[in-house]
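For reference, the structure discussed in these notes is given below.
Chain letters run A, B, ... following the sequence lines, proteins first, then strands; residues in each count from 1.
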Number of protein chains: 2
Amino acid sequence: MGHTFPGATSPFGMVQLSPETNQQPMYIDGLYNPEVYSYCSGYQYDDSSIFGFSHTHFSGTGHSDLGDFLIMPTTGPLQLEPGSATTNQEGYHSKFSHDHEYAEPGYYRVELDDYSISAELTTSDRVGFHRYTFPRSDSVHIILDLMSNIYNHDGKNVWVFIRVENDSLITGYRQTHGWARTRKVFFAMKFSKPFHHYGHKKYDDVAYNGHYKDFEEKENFPEMAGRNIRVFFNFNTEQDEKIMIKLALSSVSTNGALKNLQEEIPHWDFDQIKQETQNKWNKELAKVEVETSTEAQKLTFYTALYHTMLGPIIYEDVDGSYRGLDQNIHQSDGFTNYTIFSLWDTYRALHPLFNILHPKRNNDMIKSMLAHYDQSVHGMLPVWSHYANENWCMVGYHSVSVVADAIVKGTTDVDLRRVLEACKNTSTVPYYDGLEDYILLGYVPEEASPYSVSQTLEYAYDDWCIAQIAKKAGNKQLQDGYMKRSESYLNIYDADIGYMRPKLENGEWRDAFDPLDTHGQGFIEGNAWNYGLYVPHNINKMIAMMGGKDKFSEHLDIIFTTEIEDKYIEKNEDITRDGIIGNYVHGNEPGHHMPYLYNWTNHPWKTQSRVRMIMDTMYSSDKDGLCGNDDAGQMSAWYIFSALGFYPVNPGSDEYALGSPLVKNAQVDLGNGKKLIIQTVNQSRDNVFVKKVERNGNIVDGYIIKHGDLMEGGTITFHMQNVPNNQ
Amino acid sequence: MGHTFPGATSPFGMVQLSPETNQQPMYIDGLYNPEVYSYCSGYQYDDSSIFGFSHTHFSGTGHSDLGDFLIMPTTGPLQLEPGSATTNQEGYHSKFSHDHEYAEPGYYRVELDDYSISAELTTSDRVGFHRYTFPRSDSVHIILDLMSNIYNHDGKNVWVFIRVENDSLITGYRQTHGWARTRKVFFAMKFSKPFHHYGHKKYDDVAYNGHYKDFEEKENFPEMAGRNIRVFFNFNTEQDEKIMIKLALSSVSTNGALKNLQEEIPHWDFDQIKQETQNKWNKELAKVEVETSTEAQKLTFYTALYHTMLGPIIYEDVDGSYRGLDQNIHQSDGFTNYTIFSLWDTYRALHPLFNILHPKRNNDMIKSMLAHYDQSVHGMLPVWSHYANENWCMVGYHSVSVVADAIVKGTTDVDLRRVLEACKNTSTVPYYDGLEDYILLGYVPEEASPYSVSQTLEYAYDDWCIAQIAKKAGNKQLQDGYMKRSESYLNIYDADIGYMRPKLENGEWRDAFDPLDTHGQGFIEGNAWNYGLYVPHNINKMIAMMGGKDKFSEHLDIIFTTEIEDKYIEKNEDITRDGIIGNYVHGNEPGHHMPYLYNWTNHPWKTQSRVRMIMDTMYSSDKDGLCGNDDAGQMSAWYIFSALGFYPVNPGSDEYALGSPLVKNAQVDLGNGKKLIIQTVNQSRDNVFVKKVERNGNIVDGYIIKHGDLMEGGTITFHMQNVPNNQ
């Protein structure tokens, strides 16, 4: 349920080339097919079929799209239909076994048992590189299925356009209406060997208007267009003959894809590209070198680190041009443009992690967000955006957090006034998700939204972030205004019952209320018990409001220890019992800061044991190594921070809360010529409690460490013990 | 049935802004609706309703498409459905009367009676300019109907994308699958006054994916996308208040449209743009100044001259960028790019006319064709192309004729080797319309095509054109090869019966054969009697083959005098009794050279009387002033040439056949600093016969005049009389 994919890609690469193990329609008889959810990234480990290899995938999302340009090699009689996973020998899909499947960063290999074809995949940033090894055959087919989609439904394909430029080069594009409303992806596809025959089948009534002409357009006719098309290319092969394919993507045009193809992979040396991409991965992964107590922990750590570099992805051609939100072609000027912003998830720990490991990329991502803002007809920074589309998923306007965090940490060079203007406009769009009421009343009323409490909490935090930007920009008026807005959480706290709860427009609390339920109670992906603790920018005040440190600590204890009834779980498709500790749901982001909140009570040692417990029980490098969707890398970023012993509880501030490191030692290359050494004394599985923390030999007080101190490098030493430090 | 439109446009302008007087679906219950044919250009004079004003129209075609971005102003309750022309007060359409309708080049005005709105239209090259005068009303609506299409059918709209950028600017695009398979047109639309409210209705199930958001997207929500959408903008108006709209087109992007808008019309002075565009028209129309016997003849002449400048149209943004056949964005480098090439029609007289009146534009059109060739996956010059699409309509590859004519007449500076290569590739694409068989057998066999005889004849002529290019390029081998191919007409002439007729692959004639029928007899838009005389490049040989001059002259006589039975007419939707003289069908192009063929017999005087008769009976400036579709200007170009007394019977040669001028005098500005004077002596309605022709006082022999001689300027004097000159 991690919704990650095993295929090949480069760090933050635009092409994410990976197998699809089933083809689930999004709707069956007009009803949502719950099975489709499992295939957000195209792959489920329990499956035994492969339907082909497509070039675009989300990693770790809870809603999906993409799956572009599926390629499947076959032998024998041509089968253009995919067939059903449950039926062998019908359709082009093939059985496969994990015994003959192998994946490394930047490389994937599998045997397609039905056809005795060995498939290998690697990529550069924008080009998928396929190498298929065939048996001797006079009927080899390589199928390009342009109907295959992730989260597929009738009408998802808006248009498909293909040209057979010559006997080994294909260009084309597909426009889809999936999660992204108006999405165009272009490709250029080159074979290492000329096909001797090709053709296509159209699955709609879109005619080729060869008026008066009797074109045999289904076979060897170089132009195809329509909504639903599958194409095949035929070859003869000798035993063990390899046919390679390079398929380049572009959001701009087929000419853009051709340019990407030519510049990134001008040759046919598969192993060289694999090596180059693996070198890139090694360089990125080597930024953090860890020593762990067990080999499994090291595997888990680097698996998580790998998963933090699968999104956002590069979204521009080699010449810097890309299709923007306004569907015009733009040029990234002085930055690399990125897409796939799952910001409600990733502002929490992924972007803060980038501020340490990839500050330049993060700066480029912020510039990409500002370009999105410039192109937005709503005048808004991204909420959940991909491929020149705003999907509006989840609540808040968390771009402002990413921006504030980078500004406060000094990792961005964007113009402060421009950024502040963008944040201000974003946070004042009246028709956006209860904002007009929020501004007027100081909270989102129940009448405006079923998620009114979550919205108010996230807005209040976001507004605090904007205040930080205003402060840096020297705009006292906006700073004060947004600081005031940042206290909106006060308006939805019902002191009588001790919970954040939905409030009506007239100022009265909504009557019916179940603080354990995540549905219909004003929250999304959380309930009043857990999501109700989301005031990261003013934790002390929240704790005081909720009855003081000890009462708050008890509240946290109850969360972590009270088993919640099944009825509160079964309705949530994206959490499982595995991801739950009591009423704490690690699979959903609103809880991610929660284990660290003990630091603000009299029991910081509970933070230490909880984070170690979570790391120990909810992460592994195995097939079920995540307790929920990886949420575009946020889950993995939580792990990386926590394993190193600190966590950004309040992005937009320069402070990290100290936890309990999992690693024995770690060395982080800070990219500024300095190295941060995390070291432990007496580290062990049982020694989860921190006796003291030293920075360069000096005691660190208050379970807080500043970003600036981290970035100076040096050594942080955690002295571990097996009993709480109760002083 | 001329299929011209009365709206406003500039000479060869990209925007052709004109009223739609009905909305006919292309299919009713799955069957072709013959009524749709009347609405190729959106307008029928007999109608009494106006459905709005759209920005793209073909002029004079026999198949259609376009009708983009229909705007309709209304008052009163909002009606978003067009309604039916036969039902008043239902739907947004309005009654109108020709009494309150007025058109000039570049200007159109009409009263919309249902709403007491006065509508005025003018254009620059790329921008439509609307001026609506309203009554006092608090419920004015301006409707932008993005579902309205010419030749509309379910699924013609592929995608629509609209943004309300602010309270007076809209941008967007539409992708259609009409006659053009994959066609995108972008727009930017600016109101002179802010609307106070706007909204849209979607007529499909394409959802706006505002996941978790409760957007009120139907009203005042600035982003719309889907397949079928109508948008409205609301205003209040004072009595006689004017609201103006500028709508710019682009094939590239909304940014391109915005640039066109800003550069071409940066102000709101409607009258200034009207004046500037009318100045352009005057400049173009004044290239030929004629004196005629009657005012009606002068009106007809200039109406025809006007109709020769409505296509091909400019097809690029102000910065020279345009969407090419490969759907990539290209830049016209050193030329202006044009589209709408109805070449089977226009190679005959329209492009030859351009070689005299618009040689620079014609050169640019040739460069546009070569750009098309460069972008063609088939490696072919255009056949019937518009808006980055090849429609393949009719037979032949007549781009080569346009190129040859310009080369022979010295009006193009294209590289001869490049052009020859393009012509060679175009004429050797094996899967194109019987070409493989034609090359192998020397004729298109009956089995390959129902139009085998027309194809063979047109190919043979086209090949002769390629030979002329090869000759100019000094490529003797290709010259000889194509000269040999140009004799292919010999292979389909059945000397036993004296007709061109369909031949089988095995070399035998097809048995069943009716030389009068235009259907199923190997011909298209013609029959063996008339189309069978199409050997323009070797008329003497054809005449000899057909029995010599006198027999041929008799054949022509029979054509012009034998009434054909109704059964041969009723099946042809695009010809009418009005366009027929005996078995001569002036409404279709294969006959256009025919009246001039008497020049090659012993009876040139019959040419003279026939062309005068045709001009007299088949052209006027009235609403029924054309006897068939104007065929993208070809019918009108025939008239202009004939009225001036000469005609390009064999484009690709430098010779014109002399006829009988209709004008009394004419002065043609040759653009090279010289003027050609056509003058007549004793011109009258009865004096249709030419006694002698002098050029600068010297007798012209043989009823032939050379292009080079014409272009030197000077005076050609036709001495007219009322009896044939039988010498």
Proximity breakdown for [X] and chain B, heavy-atom pairs closer than 4.5 Å:
X         : value
Phe221(A) : side chain
Ser250(A) : neither
Val252(A) : neither

- Consider only side-chain N and O atoms of Tyr431(A) and Glu219(B), and report whether a donor and an acceptor are under 3.5 Å apart. no
- Item | Criterion side chain to side chain contact (heavy atoms under 4.5 Å, CB included) against Thr182(A), the qualifying member of Arg323(A), Gln175(A), His177(A) | Gln175(A)
- Is there side-chain contact between Phe187(A) and Thr171(A), with at least one heavy-atom pair below 4.5 Å?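 Not touching, per the 4.5 Å side-chain cut-off.
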- Between Ser253(A) and Gly256(A), is there a donor-acceptor pair closer than 3.5 Å when you use the side chain of the first and the backbone of the second? yes
- Message: So for Asp326(B), is it side chain, backbone, both, or neither that comes closer than 4.5 Å to the heavy atoms of chain A?
- Response: both
